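One structure is given below, encoded as structure tokens.
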Amino acid sequence: MADSRSPESVSTDASEGSLLAELFDNSPVPLVVTSLVRDQILAVNRRSEEVFGMRRDEAIGGSVTTFYSNPADRQVILQAIRETGRLANHPLELRHPSGRIVSVLFNSRRIVWYGEPAIIGAFVDLTAQRSAERALATSEARLAGQSRALTALTERSIAKHESLEDRVNEILRSAAA
């Protein structure tokens, strides 16, 4: 029969604790544990180190809010965790130590970490997807502009009887634009 107690209240023996620590550290998903009551990072896994280019010993004990593009986002997360115990699929922009912005989809839930109320957060890096979306929007805008120019040229050639030279010049001006 399954244990109906919340994960926060279920104790583990040493072998289960070791397995959980191994799963946490080797997860392909970046995982971060932060304090619910202090602005402090409590744990990060290897994948988080890779994504943010920081060693564990540099991150642990550091400020959580320094990684937010907008520090007010931390309050949104804290409020959701306090009200419902979790936050799912929350778009978020984090700041890499280099200063570049990392777009993520953030999922988190309340836990107890070594006796301290905490949040475990997992995120999916959407930076490449956001870049592709911007490139697609730029391409669509360019295509729409080209379509408008072609329509205008077609309407102009139908409406007026211009010389071939004037038409070619107008086509070249539109193509340059």
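Since the model is a prediction, treat every value here as computed from it, not as a measurement.
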Q: I would like to know whether E50 and R47 meet salt bridge (charged side-chain N to carboxylate O under 4.0 Å, His left out); could you show each step before the answer?
A: CA-CA 5 Å; E50 293 168 6; R47 185 66 181 128; 3.0 Å; yes
(Q) Between S48 and R56, do the side chains contain a donor N or O and an acceptor N or O under 3.5 Å apart? (A) no
**Q.** Separation between CG of N26 and CG of N45, rounded to the nearest 0.5 Å
**A.** 8.5 Å
Q: Report the C-alpha separation of V104 and H90 in whole Å, then their side-chain angles, then the decisive distance to 0.1 Å, and conclude whether the side-chain contact (heavy atoms from CB on, under 4.5 Å) test is met.
A: CA-CA 8 Å; V104 301; H90 181 72; over 6 Å; no
Q. Is I111 close to V33 at the side-chain level, that is, under 4.5 Å between some pair of heavy atoms?
A. yes
Q. From S63 OG over to R74 CZ, what is the distance, rounded to the nearest 0.5 angstrom?
A. 8.5 Å
Q) Does the side chain of L78 reach to within under 4.5 Å of the side chain of I119, using non-hydrogen atoms? A) yes
Q.
Would you say I81 ends up clustered with V37 if hydrophobic residues are merged whenever their side chains have heavy atoms under 4.5 Å apart, either directly or through other cluster members?
A. no
Q. Between the side chain of S27 and the main-chain N/O of F24, is any donor-acceptor distance below 3.5 Å?
A. no
Q: Report yes if some heavy atom in the side chain of R100 is under 4.5 Å from a heavy atom in the side chain of V102; otherwise report no.
A: yes
**Q.** Any side-chain donor near an acceptor of the partner, S35 and E116, under 3.5 Å
**A.** yes
Q. In the single-linkage hydrophobic clustering (I, L, V, M, F, W, Y; side-chain heavy atoms under 4.5 Å), do I60 and W113 co-cluster?
A. no
Q | From CD (E93) to CG (N70), nearest 0.5 Å | A | 9.0 Å
**Q.** Matching residue for F123 among L105, N107, L92, V51 - test: side chain to side chain contact (heavy atoms under 4.5 Å, CB included)
**A.** V51
Q: To the nearest 0.5 Å, tell me how far S108 OG sits from I120 CD1.
A: 10.0 Å
Q) Hey, any chance M54 and V44 share a hydrophobic cluster, counting ILVMFWY side chains that come within less than 4.5 Å of each other, even indirectly? A) yes
Q: Output yes when E58 and R55 qualify as a salt bridge under the 4.0 Å nitrogen-oxygen rule, no when they do not.
A: yes
Q: Indicate yes or no: at least one non-hydrogen side-chain atom of R86 is less than 4.5 angstrom from one of R110.
A: no
Q.
Can a side-chain donor-acceptor contact be found between E83 and Q79 if the only test is distance below 3.5 angstrom?
A. yes
Q: Determine whether I41 and L36 fall in the same hydrophobic cluster, where Ile, Leu, Val, Met, Phe, Trp and Tyr are linked whenever their side-chain heavy atoms lie under 4.5 Å apart.
A: yes
Q. Taking all atoms of both residues into account, what is the closest heavy-atom pair of R95 and I101, and its distance?
A. NH1-CD1, 3.5 Å
(Q) Over 60° means perpendicular and under 30° means parallel, so tell me whether F52 and F67 are parallel, tilted or perpendicular. (A) perpendicular
